[in-house]
Amino acid sequence: MIRLLCEQGYEYLLIHSEAELIANLRQKLEELSGYAFTDSEWERFFSECIAGANDGIEDKALRILEDFVQVLRRDTGESKNIALIDEKNIHSNSLQVISQYAVGRGGRGAV
């Protein structure tokens with residue numbers, strides 16, 4: 001399956017931890033938005049706009065489909081719109097695939 005997706009233009013990533021997965025998301029959102037988050041901005045944006053403590057997978061999927069522009073509260077107090085996807089120019093979005101990533105006992109990791 002991974003080989004087929006790579007043949008269709010997906011980039012294969014070696015992801016071994018949740019931290020690597022989140023770091024990759026940050027990098028891709030920075031590239032898409034043309035904005036470099038400070039560490040505190042990223043932590044706030046990630047917890048408030050991407051992966052809220054009470055959000056299920058359905059909530060996260062709906063956010064991308066219906067509310068894909070989220071507002072970042074910058075350290076300066078200003079606001080900045082951050083697009084989770086580029087709906088106008090779909091070719092600006094990255095297509096990536098990883099080996100199966102599962103939550104296991106006592107932690108998370110790629111299987």
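Residues take their numbers from the sequence shown, with the count starting at 1.
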After noting the C-alpha distance and the side-chain angles of Arg44 and Thr38, does the key distance pass the side-chain contact (heavy atoms from CB on, under 4.5 Å) rule? CA-CA 10 Å; Arg44 189 170 48 253; Thr38 65; 5.7 Å; no
side-chain contact (heavy atoms from CB on, under 4.5 Å), that's the test. Do Val71 and Asn81 meet it? Break it down for me. CA-CA 5 Å; Val71 178; Asn81 288 341; 3.6 Å; yes
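Atom CD of Glu31 has more than 12 heavy atoms from other residues, nucleotides or ligands within 6.0 Å. For Leu4, the CG atom is densely surrounded, since the number of other residues' heavy atoms within 6.0 Å is greater than 12.
Here the straight-line distance linking atom CZ of Arg63 with atom CD of Glu58 works out to 12.0 Å at 0.5 Å rounding. Here the straight-line distance linking atom CD1 of Ile22 with atom CD of Gln27 works out to 14.0 Å at 0.5 Å rounding. Separation of atoms CD (Gln96) and SG (Cys6) is listed at 10.5 Å; rounding is to 0.5 Å. In this structure, Ser99 OG and Leu14 CG are separated by 7.0 Å, a value rounded to the nearest 0.5 Å. With rounding to the nearest 0.5 angstrom, the CH2 atom of Trp42 is 7.5 Å from the CD atom of Glu30.
Taken together through direct or relayed side-chain contacts under 4.5 Å among Ile, Leu, Val, Met, Phe, Trp and Tyr, Leu32 and Phe68 form parts of separate hydrophobic clusters. Two different hydrophobic clusters hold Leu62 and Ile64 under the rule that ILVMFWY side chains link at heavy-atom gaps under 4.5 Å. There is no path of hydrophobic side-chain contacts, each under 4.5 Å, that joins Ile85 to Tyr10. Two different hydrophobic clusters hold Leu21 and Ile50 under the rule that ILVMFWY side chains link at heavy-atom gaps under 4.5 Å. A continuous path of ILVMFWY side-chain contacts below 4.5 Å connects Val69 to Phe46, so both sit in one hydrophobic cluster.
The side-chain contact (heavy atoms from CB on, under 4.5 Å) test with Leu29 singles out one residue from Leu72, Leu84, Asn24, and that residue is Leu84. Residue Glu48 is tested with Glu43, Gln70, Arg73 for a side-chain contact (heavy atoms from CB on, under 4.5 Å); the sole match is Arg73.
The closest donor-acceptor contact from the side chain of Glu41 to the backbone of Asp75 lies under 3.5 Å. Counting only distance, with no hydrogens or angles, the side chain of Asn93 and the backbone of Asp86 share a donor-acceptor pair below 3.5 Å.
Using cut-offs of 30° and 60° for the angle between ring planes, the Tyr35 and Phe37 rings count as perpendicular.
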